[in-house]
Every structure is written in C-alpha cells, then in structure tokens.
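Note that the numbering runs from 1 along the sequence shown for the chain. The model shown is predicted, which means the values in this text are computed figures rather than measured ones. Only this structure's heavy atoms are used, side chains among them; waters, hydrogens and symmetry mates stay out.
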Amino acid sequence: MVNDSARPAAEPVQQAWALMHRFVEAHNRRGELSEALGFRLGGGRGKILFQLRDGPRTLGQLAEANGVDAPYATLIVDKLEAHGLVERRPHPDDRRRKLVTLTAAGHNAIATADTILLRPPPAIRSLPAEDLERLTEILTRLLEVDAAEPKSSTPR
C-alpha cells in the first residue's frame, strides 16, 4: 500500500478531478444495469440509445454527435437493433436515408437505466440540504462551461 503522505501534493484542480472520479467509479452500477437488461450496454451503445430518447436520428447525425465515422455508428446501431432496442425506418423526406428510432424495448431499457444509474448513493443522500444546493450549483456551472467549450473532432 502506498503511503499517501509520501506523494507530492496535487494541484487543486487535479485533486478535485481525482476525488470526483474516484467517487463516481466507487458507485459504478454497470454490472447491476447489465444484469437488469440481460446484456452489457457499453459506452457507445448507451450514448446512442440515450440520444434517441429525444427522437429519431439518421446514422449520419448519430455519427457526428458521437465523433465517430458512419460505418462505426452503423455497427453500434446494428448491435442495438439485434437487442431489439432500435429499428431503422425510412426517412420521410429522403428514401435513400434511414431514421434510427427507439422501440418499446428501447424505451423500457432507458427507463431501467435511469432507475439504476440515477439512484443517488447513500453518501449523497446523507448530505445536508445546504451542501446539496452548493454541489448542485457547482455541477451546473461545470456543465454550462463544458457545453460552451468547442468539442474535439477527434474520434474516440
């Protein structure tokens, strides 16, 4: 075991990020979600599934939104379709394109994921109201700054 006092002090920004990451990872519920769904909903599949909750999208739109090329987006959609979570439908304005849309099973999978993934851990629930308000304010500001920053076009 490494003695924490022997480590050099991290910059405050690194320390804050490391602590936030450690807390979130300590409460990772991917295993619970996989068990509830009956399959693993990997990162790319989960992101695309959740993006479809706002309505159908073309493969090109999904690829662009996720910083991947069209063939990779197609592979992800193929896997979601194999699980019965999405389906491809004709685009109303262009017969050459398809719209990817959620099925009833897809909507149910999202509801299940929300129930599991958005359940606050006991440590968060035990915070006093004042601390929860401050944490919410900070996280809201972080999300606003993040949304305002230009996104990298490098595929992930």
If the condition is side chain to side chain contact (heavy atoms under 4.5 Å, CB included), which residues does Ala36 pass it with, not counting sequence neighbours? Thr112, Ile116
Assess the residue pair Arg89 and Glu87 against the criterion (salt bridge (charged side-chain N to carboxylate O under 4.0 Å, His left out)); give the C-alpha distance rounded to whole Å, side-chain angles, the decisive distance to 0.1 Å, and a yes or no. CA-CA 6 Å; Arg89 293 185 176 169; Glu87 62 185 7; 2.5 Å; yes
Rounded to the nearest 0.5 Å, how far does [atom2] of [Y] lie from [atom1] of [X]?
| X | Y | atom1 | atom2 | result |
| --- | --- | --- | --- | --- |
| Ile76 | Glu81 | CD1 | CD | 13.5 Å |
| Arg45 | Arg40 | CZ | CZ | 6.0 Å |
| Leu59 | Asp69 | CG | CG | 11.5 Å |
| Leu62 | Leu80 | CG | CG | 9.5 Å |
| Arg97 | His91 | CZ | NE2 | 4.0 Å |

Locate the shortest heavy-atom distance separating Ala105 from Gly84; write the atom from each residue and the value. CB-O, 3.4 Å
So which atom in His27 and which in Pro121 form the shortest heavy-atom distance, rounded to 0.1 Å? ND1-CB, 3.4 Å
Could you give me the CA-CA distance, side-chain angles and deciding distance for Leu102 and Leu49, then say whether side-chain contact (heavy atoms from CB on, under 4.5 Å) is met? CA-CA 8 Å; Leu102 289 172; Leu49 188 70; 3.4 Å; yes
Any donor and acceptor pair, going by atom type alone, linking the side chain of Thr101 with main-chain N or O of Pro56 inside 3.5 Å? no
State whether the side chain of His83 and the backbone N or O of Leu85 hold a donor-acceptor pair below 3.5 Å, judged by distance alone. no
Members other than Val24 in its cluster, when Ile, Leu, Val, Met, Phe, Trp, Tyr link by side-chain heavy atoms under 4.5 Å? none
ILVMFWY clustering at 4.5 Å (side-chain atoms), partners of Leu139: Trp17, Met20, Phe23, Ile124, Leu127, Leu132, Leu135, Ile138, Leu142
Would you say Val68 ends up clustered with Leu41 if hydrophobic residues are merged whenever their side chains have heavy atoms under 4.5 Å apart, either directly or through other cluster members? yes
Out of curiosity, does Leu99 fall in the hydrophobic cluster containing Leu75 (side-chain heavy atoms, cut-off under 4.5 Å, transitive links)? no
Which pairs with one or both residues in residues 123-137 pass side-chain hydrogen bond (donor to acceptor under 3.5 Å, both in side chains), sequence neighbours excluded? none
Taking only residues at least two apart or on different chains, which pairs with a member in residues 48-63 satisfy side-chain hydrogen bond (donor to acceptor under 3.5 Å, both in side chains)? Gln51-Asn66, Arg53-Asp114, Thr58-Gln61
Which residue pairs pass the salt bridge (Lys or Arg N to Asp or Glu O under 4.0 Å) test when at least one of the two sits in residues 14-38, sequence neighbours left out? Glu25-Arg30, Glu32-Arg119
